[in-house]
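A short write-up of the structure that comes next.
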There are 2 protein chains.
Amino acid sequence: MRADALKNHEKIVEVAAQVFSEKGLDAPIDDIATRAGVGAGTLYRHFPTRDDLIDAVVKSWMNQIDAAADQVVASGAPARVALMEWFETYVSRISRNKGGPAKITSAMGKSESPIYSKCETLRLANDRVLSHLRERGELRDGVDSLEVCRLIGGIAVVADQGTLPSDSIHSMLTVVIEGLVSSDHAVGDSSRE
Amino acid sequence: MRADALKNHEKIVEVAAQVFSEKGLDAPIDDIATRAGVGAGTLYRHFPTRDDLIDAVVKSWMNQIDAAADQVVASGAPARVALMEWFETYVSRISRNKGGPAKITSAMGKSESPIYSKCETLRLANDRVLSHLRERGELRDGVDSLEVCRLIGGIAVVADQGTLPSDSIHSMLTVVIEGLVSSDHAVGDSSRE
DNA sequence: ACCTGAACACCGTTCAAGT
DNA sequence: ACCTGAACACCGTTCAAGT
C-alpha cells in the first residue's frame, strides 16, 4: 500500500470514530470524507460499505470487553452480582455510539456481516461468563449464549432509541438475570438483610 | 370535510396498509401516494408525518390486542402459560409489519408521539394481564408494566431485524417469564413429569 | 496506483399553480 | 377548499478525468 493511501486510511478511521460519536453510526458518510480531507470516492475505495468502516472503528473496544468478562469471572462473585456487572458493561460498550446496539445485535450470528468478528468476540466473552457460572451450578439449564446476547442487545436497542429513566435498564436486566439463575439459588436467602 | 378529501383519506390509509405490509413501515411515502392515485402534497396534507399515517393504519389492530389480553386473563391459566401466550401474541402483533417493533417500542411512554395512544392500549392490555397474575401472587414484586413492554419489545426488535431460528423467540421469552414469576412458584415442581 | 469531485439516483418535503 | 406535480434539498454511490 502506498504511503498516501495508508495515511488516508488511518485518517478516515480516526475521523470516523469522532463523527460516529458525535452523530451516531448513521452519520452522513460525506461528513467523514470532508473532515478527513478526502474525496468521497477515496472513502468508498477503502471502505466499500458503512459496515466496513464501523468494523474498523469498533476494533479498539474489544480488548476492553474481553478484559471485563475475564475480570468478572476472576472475581468469583455470585451469579446475580456477576451477571449484573457483566451485562451493564456489555450494554454500555455496545451503546457507546448511537445506533450501535442495533447494528451489533442485528449482525449477531450472521457470518457474512463485515462486523461479524466483533460480534463473535462479544459472544465468546459472554460465553465465558455464562460457562463459568454454569460450572458452579448457578445457571438454569438450556440457556444459550447467543440468545442471551440477543436478549441483552434488545434491551440496549430499546435504551438507545430515546431516553429512558436511568434505572430502567437496571430493572430490565434484573428480570433477565432472575430468569437465568438456577432455581436452587433463586429463593431469596433472607439471611442477607 | 369535502367528499373528495374524505375519499382520498380513506384510500391513502387502505393503500398504506398494503404497502407497509409489503415493504415495511419505512416504505417510500411516494409509493403510497402513487398507488393511491394522489399527489405527494395531498398525502402530506392528510398525514403531516409518517407516524400520523402509521397511527391510522395501526388503529385496526388494537381491538385484537385487547381481546387477546382479556382472553388470557379469563382463561385462568397458570402464570407461565398465560404469560407465554400473551407475550407471543404481543410480539406477533407488533411485528406484523417490518419496522413495527422498533417504531412502537420506541414510542412507548412518549406522550408527544403521534402513535402514543396505540402504545397506551398495548401497555394497558399488558397491565391487565400482569395485574391479574399479581393478584394471584404469581408475580415477583417490583415488576413494572412499562418495563415489561420494553423488554418484550426489545425481543421483537431483535427478531424483526434479520431472521432468527423460529424457536429463538420462544427461548428468550422463557427467560423473561422465569424472571417475572414469583419465586414461590419458581422452583420446579417435579410432580409435573 | 491512488485520488478528486462532478454527476447521477433516490427520496422526503414544500409550494406555486391549478380546479 | 382541496389537489397536482414540478422543484428543491439531502445523501449515498459511481466513474471519468486527473496526478
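Naming: A, B, ... by sequence-line order, numbering from 1 per chain. Keep in mind that what you see is a predicted model, and the values were worked out from it rather than measured.
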* State which of D:dC11, D:dT4, C:dC2 makes the closest approach to the side chain of A:Pro28. => D:dC11
Rounded to the nearest angstrom, tell me the gap between atom [atom1] in [X] and atom [atom2] in [N].
X	N	atom1	atom2	answer
A:Asp31	D:dC11	CG	C1'	10 Å
A:Arg45	D:dG12	CZ	P	20 Å
B:Lys7	D:dC3	NZ	C1'	16 Å
A:Asp4	C:dC3	CG	P	5 Å
B:Ile32	C:dG12	CD1	P	9 Å
A:Ile12	C:dC2	CD1	P	13 Å
A:Asp26	D:dG12	CG	C1'	13 Å
B:Leu6	D:dC3	CG	C1'	15 Å

* Asked: Between the side chains of B:Asn8 and B:Thr42, does any donor sit under 3.5 Å from an acceptor?
  -> no
* State whether a side-chain donor-acceptor pair under 3.5 Å links A:Thr34 with A:Asp31. => no
* Should A:Asp66 and A:Arg128 count as an ion pair when the cut-off is N to O under 4.0 Å? -> yes
* Under 4.0 Å between a Lys/Arg side-chain N and an Asp/Glu carboxylate O for A:Arg35 and A:Glu14? -> no
* To do: Evaluate salt bridge (Lys or Arg N to Asp or Glu O under 4.0 Å) for B:Arg136 paired with B:Glu138, printing each intermediate quantity in order.
  => CA-CA 6 Å; B:Arg136 300 203 318 208; B:Glu138 301 195 54; 2.4 Å; yes
Could you check which nucleotide pairs with [N] in any of the strands shown, counting Watson-Crick or G-U wobble with both distances under 3.5 Å?
N	value
C:dC3	none
C:dG12	D:dC8
D:dA17	none

* To do: Encode nucleotides 13-19 of chain D as B, S and - characters from 5' to 3', where the letter depends on protein heavy atoms closer than 4.0 Å: B to the base, S only to sugar-phosphate, - to neither.
  => BBB----
* Asked: Given D:dC2, is OP1 or OP2 found less than 4.0 Å from the side-chain N or O atoms of B:Asn8?
  -> no
* **Any A:His46 side-chain N or O less than 4.0 Å from OP1/OP2 of C:dC3** => yes
* **Reference residue A:Asp55; test salt bridge (Lys or Arg N to Asp or Glu O under 4.0 Å); the match among A:Lys118, A:Lys103, A:Arg50** => A:Lys118
* If a pair satisfies side chain to side chain donor-acceptor pair (under 3.5 Å) and one of its residues is in residues 92-102 of chain A, list it, with sequence neighbours excluded. => A:Gln64-A:Arg93
